[in-house]
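Notes follow once the structure below has been shown.
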Amino acid sequence: MAEALPKDDALAARIAGLSFPSEGWQAPARFDALARLTAMGLPKRRDEYWRYTDPASFNSAEPVPATTFDDGEEGMVFEAIDRLKLVFVDGVFDAAASDPLALENIEIGLLSEAHSDIHWARDLYGVLEARGQVPVKRPFAALNTAFATEGVLIRVTGYVPRPIALIYIHSSDTSDAVLHHCIRVETAADVTVLENGPASARFTKVMEVDVAEGGRFHHIRAQGRDHDRRASTHIFARVAGKGLFKSFTLTANGVMTRNEAVIELVGDEAVAHVAGAAVGDGKFHHDDTVFVTHEGEACESRQVFKKVLKNGATGVFQGKILVKPGAQKTDGYQISQSLLLDEDSVFLAKPELEIYADDVKCSHGSTSGAIDETGLFYLRSRGVPLKAAQSLLVLAFLAEAIQEIENEEIAEDIRQRLENWLARHEH
């Protein structure tokens, strides 16, 4: 380990307090990730994909303290959903608060307990993350692979009747959680994974998802509750022929959030949809950075991101569709839009298309604007109070992103959370 330590002082300080497990089947991936991290260093504001987001709070040796948030009587999202619960408190698995790790057509284990040298996850841990480092460097993902000591390992072998819920509890004001999840969806298998909770003062998370031919993976995430939290998350996905990957994220509150999604459509007729709805008030910076690669023929991808910003909040979207040679019949769609509720809020967008095939249908668009005055006048003329009318228009604006959630019970829970947030932030 000593010879692998970085010479860069800032990086050395950043990882000094982290544990490096140097033995077991994960060791080769960890050493490889540490070598890549050492070579690339921590991100800087002048880096191309960090121009709009200051990485300082993710780079610092210690997390900025974040107080826990009491939201009164409102319970946590997804509470009414029948699901299998896995609970983490400040990044540590809480067995007492979790359900038994047993369900039909699924194997669930913990990274900290996966000691067998023939574990199926050895072919996945760090693999998609390493692939996702080209052409864009993602230092915090490499840091995660090197130092994560906990996470879930999920192998899906058929249809799973209940969603798997990863619940993140924030307890300590100075917690610094690092989690790494690996999920393999076997041929024709089907699973839904839910995530919710603030996790810790600073949260660094990687999720690697490998979807085999005909497999279906649904992911719905809710980030929020704690105003001062900071999170850097990555999803790396590989989707085989006729496979389906769908991910939706709701973000409310949080002083700094950076969500990255790196998706490879490697088989013919694979589908990937990534969507997000973010609502921010005041000291709120939210960054969605997405990279979708089309390799197979007749694949479909959708990126749908909507942000509602007020009182000086900042939203960022960086999205790219790469169509490789031979990926004919590609259908790629990308839309990023913001609704600015005052003149102080900012939306920064960088949509990109890079196409090396000639028989494709790809589009991207990005817009930013205020509430539709015509629609507002229409509602007001029919007796709808001003604040209620504004909330209705905000929800209508976010609807396209929420429609990406196939489970209507879960989608309705998300809508209700948005309505509650808007009611709390009317003034």
Point to revise | Donor-acceptor side-chain pairing of H364 and E352 below 3.5 angstrom | key: no

Exercise for review: Could you go through the side-chain contact (heavy atoms from CB on, under 4.5 Å) check for L250 and R417 one step at a time?
Suggested key: CA-CA 9 Å; L250 167 67; R417 298 295 161 158; 4.2 Å; yes

Practice item. For residues R230 and V255, determine if any side-chain heavy atom of one lies less than 4.5 Å from a side-chain heavy atom of the other. Key: yes

Study note, to complete from the structure: Contacts of F78 meeting ring-ring contact (aromatic ring centres under 6.0 Å, His included) (sequence neighbours excluded), chain-then-number -> none

**Study point:** Pair Y125 + H180: ring centers closer than 6.0 Å
**Key:** yes

Practice item. Indicate, with yes or no, if the rings of F236 and H234 have centres closer together than 6.0 Å. Key: yes

Check your understanding: Per the side chain to side chain donor-acceptor pair (under 3.5 Å) rule, which among N196, T251, N253 passes with Q223?
Key -> T251

Exercise for review: For this output row, return yes or no: ring centroids of F203 and F58 closer than 6.0 angstrom.
Suggested key: no

Exercise for review: State, with a plain yes or no, whether a side-chain heavy atom of H218 is found less than 4.5 Å away from one of L244.
Suggested key: yes

Exercise for review: Might you point out which heavy atoms bring T330 and G296 nearest each other, and give the distance in Å?
Suggested key: OG1-O, 4.4 Å

Check your understanding: Any ion pair linking D342 and K310 (charged N to carboxylate O, less than 4.0 Å)?
Key -> no

Review point. Is it the case that more than 12 heavy atoms not belonging to E48 sit under 6.0 Å from its CD atom?
Key: yes

Study note, to complete from the structure: CG (D117) and CD (Q26) are apart, to the nearest 0.5 Å, by 10.5 Å

Review point. Are any of the side-chain heavy atoms of N144 and F140 separated by less than 4.5 Å?
Key: no

**Study point:** Basic-acidic side-chain contact under 4.0 Å: E129, R36
**Key:** yes

Exercise for review: Check ring-ring contact (aromatic ring centres under 6.0 Å, His included) between F248 and all other residues, then give those that pass, not counting sequence neighbours.
Suggested key: none

**Study point:** Side-chain donor/acceptor of S175 to backbone N/O of S172, under 3.5 Å
**Key:** yes

Exercise for review: Kindly confirm or rule out a cation-pi arrangement of K307 over F347, judged by NZ or CZ under 6.0 Å from the six-membered ring centre and within 45° of its axis?
Suggested key: no

Review point. Quick check: does any side chain N or O of R138 sit under 3.5 Å from a backbone N or O of G132, one acting as donor and the other as acceptor?
Key: yes

Check your understanding: Between K205 and E260, is there a salt bridge with N-O shorter than 4.0 Å?
Key -> no

Check your understanding: Side chains of V193 and L166: does their closest heavy-atom pair fall under 4.5 Å?
Key -> yes

Review point. With a 4.5 Å heavy-atom cut-off, do T192 and V160 have their side chains touching?
Key: no

Practice item. Mind running side-chain contact (heavy atoms from CB on, under 4.5 Å) on L110 and L153 for me, showing each step along the way? Key: CA-CA 6 Å; L110 296 172; L153 308 176; over 6 Å; no

Practice item. Sequence neighbours left out, what passes side chain to side chain contact (heavy atoms under 4.5 Å, CB included) with T367? Give chain and number order. Key: Q337

Check your understanding: With a 4.5 Å heavy-atom cut-off, do I335 and E400 have their side chains touching?
Key -> yes

Please report, to 0.1 Å, the donor-acceptor pairs under 3.5 Å made by any side chain of residues 314-323, with sequence neighbours excluded.
| residue | atom | partner | partner atom | Å |
| --- | --- | --- | --- | --- |
| Q318 | NE2 | Y49 | O | 3.3 |
| Q318 | NE2 | T289 | OG1 | 2.9 |
| K320 | NZ | E354 | OE1 | 2.5 |

Check your understanding: Do E264 and H294 have a side chain donor and acceptor closer than 3.5 Å?
Key -> no

Review point. Are the side chain of K306 and the backbone of F397 linked by a donor-acceptor contact shorter than 3.5 Å?
Key: yes

Practice item. Check for a donor-acceptor pair, side chain of D173 on one end and backbone N or O of A201 on the other, with a separation under 3.5 Å. Key: no

Review point. Are any non-hydrogen side-chain atoms of V271 and C299 less than 4.5 angstrom apart?
Key: no

Exercise for review: Using a strict 4.0 Å threshold on nitrogen-to-oxygen distance, state whether D47 and R51 make a salt bridge.
Suggested key: no

Check your understanding: What do you reckon, is CD of E408 surrounded by more than 12 foreign heavy atoms closer than 6.0 Å?
Key -> yes

Check your understanding: Is the NZ atom of K350 crowded by more than 12 outside heavy atoms at less than 6.0 Å?
Key -> yes

**Study point:** Polar side chain donor-acceptor pair, T149 to S112, under 3.5 angstrom
**Key:** no

Point to revise | ring-ring contact (aromatic ring centres under 6.0 Å, His included) involving F93 - partner list, sequence neighbours excluded | key: F88

Exercise for review: Can you sort out the partners of W120 under ring-ring contact (aromatic ring centres under 6.0 Å, His included), two or more places apart, ordered by chain and number?
Suggested key: none

Point to revise | More than 12 heavy atoms from other groups under 6.0 Å of NZ on K137 | key: no

Review point. What do you reckon, are the aromatic ring centroids of W421 and F284 less than 6.0 Å apart?
Key: no

**Study point:** Validation row: T53, M256 side chains within 4.5 angstrom (heavy atoms)
**Key:** yes

**Study point:** Under-4.0 Å salt bridge between K324 and E295
**Key:** yes

